[in-house]
2 protein chains.
Amino acid sequence: MRIKEGNKEKDILEAAVKVFAEDGFHKAKISKIAEKASVATGSVYVYFKNKDDLLIKIFKDLWENMLGELKLLSSNKALSASEKIDGIIDLIFDVFTENPSLAIVFVNEQNNHARTRQDDFIDYYEKFLDEGEKVVKEGIEKGEFSSALDVKIFRYYIFGAIRNLLHHWASNPKSLTLNKIRQNIKYLTKNGIRKV
Amino acid sequence: MRIKEGNKEKDILEAAVKVFAEDGFHKAKISKIAEKASVATGSVYVYFKNKDDLLIKIFKDLWENMLGELKLLSSNKALSASEKIDGIIDLIFDVFTENPSLAIVFVNEQNNHARTRQDDFIDYYEKFLDEGEKVVKEGIEKGEFSSALDVKIFRYYIFGAIRNLLHHWASNPKSLTLNKIRQNIKYLTKNGIRKV
DNA sequence: GTGATTACTGAATCGTGATTCAAAAATAAA
DNA sequence: TTTATTTTTGAATCACGATTCAGTAATCAC
């Protein structure tokens, strides 16, 4: 019997994130991913069904993890709705700060890929958004947030804003500090641009 | 001499937008675009250099046009900065309301495609964003908008929010009316979620 | 009508890179 | 050391669809 050496599955997945971020999913070559992971091309197919499967696993890992963390946060009775919103923003920024390539892959590939197929990572992603939506509802009920707003719309609004800024940052890390972006998002989300 | 019948270039471009929206750029087949435009596959190559060229022309038309309209708007001395922001939001919504497929193609393909190549549609797109940025700066100088915000960040923030909502709407037109989305964006942009 | 010119066609070609698989290598058990 | 079992390899295969181009059709000028 022979034991698998190291953790090739993880190596391949990490290499895939980098290559997908660099070249885009469609132009990314399996051979390049294999090379970056220091395995043979064929080994990729030992661990993953095909190229799509790589992307699906990347997103599944991401959102499964994010959902778990968000649940901890949103169930924390000590926090106001406003603090929870800040917490969610921090959650997202922390993950993507640690892994800018993942931010790029998420922003560039997830929508496109989710459209046709019906993969289970979408469940986790949707649940993540649903959980965030609950926080906003709670804030409205408590009177913290304006009842004029539509929670469904807000969910796409804030998430789109964050995504776009992350993408911009990941593509030009020098142009803005992530911390400044994070603070501005928190401010804008709550107060908008109007002078108070 | 033979004269070109109809406007095949326009037909092909419109068909391409639809097919790219439906299938995504990479899975879209030239033969399907040709069929939808009622021309032969080869005719696509009479009017366009290659598949990429189709996408580039789509974006160029879009942003050249948008920039023109935005310039008219932003130079209108009768409007406050706040009214101009509303105007920009209307501008974007009007175009994509008329052509939801274009909204999908924009959201799904533009980032991805812009990354590698250096095409001239990017100039128009950047100028459009720059022009919007000017309006915000003007609003800050006039004291209409909070001086706490970073205009660069706001530009990506608002544009990301709009993009994401348009994409959601274009994928599920039934779920929300575009008018409601538009109103919420205007409200959120200016006031945020906090109860006033 | 004829000839000249340009538009249009779509089947055949061709490049690319995902995927396969037979062989080699590594380890474990005997 | 030999055999059995599992992992790893990477060159060969193969499918796909973008692109080409030789041929056909349409229109014009005369």
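By convention in this document, chain letters (A, B, ...) are assigned in the order of the sequence lines, proteins followed by strands, and residues within each chain are numbered from 1.
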Closest to the side chain of B:Lys29, out of C:dA18, D:dA18, D:dT19, is D:dA18

Per B:Ala40 side chain, nearest of listed nucleotides C:dG10, C:dA18, C:dC8: C:dG10

When the ring centroid of A:Phe145 is compared with that of A:Phe154, is the distance short of 6.0 Å? no

Proximal nucleotide (of C:dT19, D:dT19, D:dG17) relative to the B:Thr41 side chain: D:dT19

Tell me whether the OP1 or OP2 atom of C:dT9 has a side-chain N or O from B:Ser43 closer than 4.0 Å. yes

Identify whether any heavy atom of B:Val44 sits under 4.0 Å from a base atom; if not, whether one sits that close to sugar-phosphate; answer base, sugar-phosphate or nothing. nothing

Nearest-angstrom distance from the residue atom CD of B:Glu35 to P of C:dT9: 13 Å

Proximal nucleotide (of C:dT9, C:dT19, D:dT19) relative to the B:Ile30 side chain: D:dT19

If we only count heavy atoms from C-beta on, is the B:Lys57 to B:Ile12 side-chain gap below 4.5 Å? no

What's the closest nucleotide to the A:Val46 side chain, out of D:dT9, C:dT19, D:dA18? D:dT9

Please name the residue in the list B:Phe25, B:Phe121, B:Tyr125 that meets the ring-ring contact (aromatic ring centres under 6.0 Å, His included) test with B:Phe59. B:Phe121

Nearest-angstrom distance from the residue atom CZ of B:Phe25 to P of D:dG17: 14 Å

Just checking, B:Lys60 and B:Tyr124: is the charged tip under 6.0 Å from the six-membered ring centre and within 45° of the axis? no

Interatomic distance, B:Leu54 CG vs D:dT19 P [rounded to whole Å]: 9 Å

Separation of C:dA18 atom C1' from A:Asp52 atom CG, nearest Å, is 11 Å

In whole angstroms, how far is the P atom of D:dC16 from the CG atom of A:Asn50? 14 Å

Nearest-Å distance, NZ (A:Lys51) to P (D:dA15)? 19 Å

Any A:Tyr47 side-chain nitrogen or oxygen under 4.0 Å from OP1 or OP2 of D:dT7: no

Taking the minimum atom-to-atom distance to the side chain of B:Val39, which one of D:dA18, C:dT9, C:dA18 wins? C:dT9

To the nearest Å, give me how far apart CD1 (A:Ile33) and P (C:dG17) are. 13 Å

Out of C:dC8, D:dG10, D:dT9, which nucleotide sits closest to the side chain of B:Lys8? C:dC8

For A:Lys27 and D:dA18, what is the distance between atoms NZ and P respectively, to the nearest whole Å? 14 Å

To the nearest 0.5 Å, atom CZ of A:Arg194 lies from atom CD1 of B:Ile85 at 11.0 Å

I want to check one thing: is the phosphate of D:dT19, taken as OP1 and OP2, less than 4.0 Å away from some side-chain N or O of B:Tyr45? yes

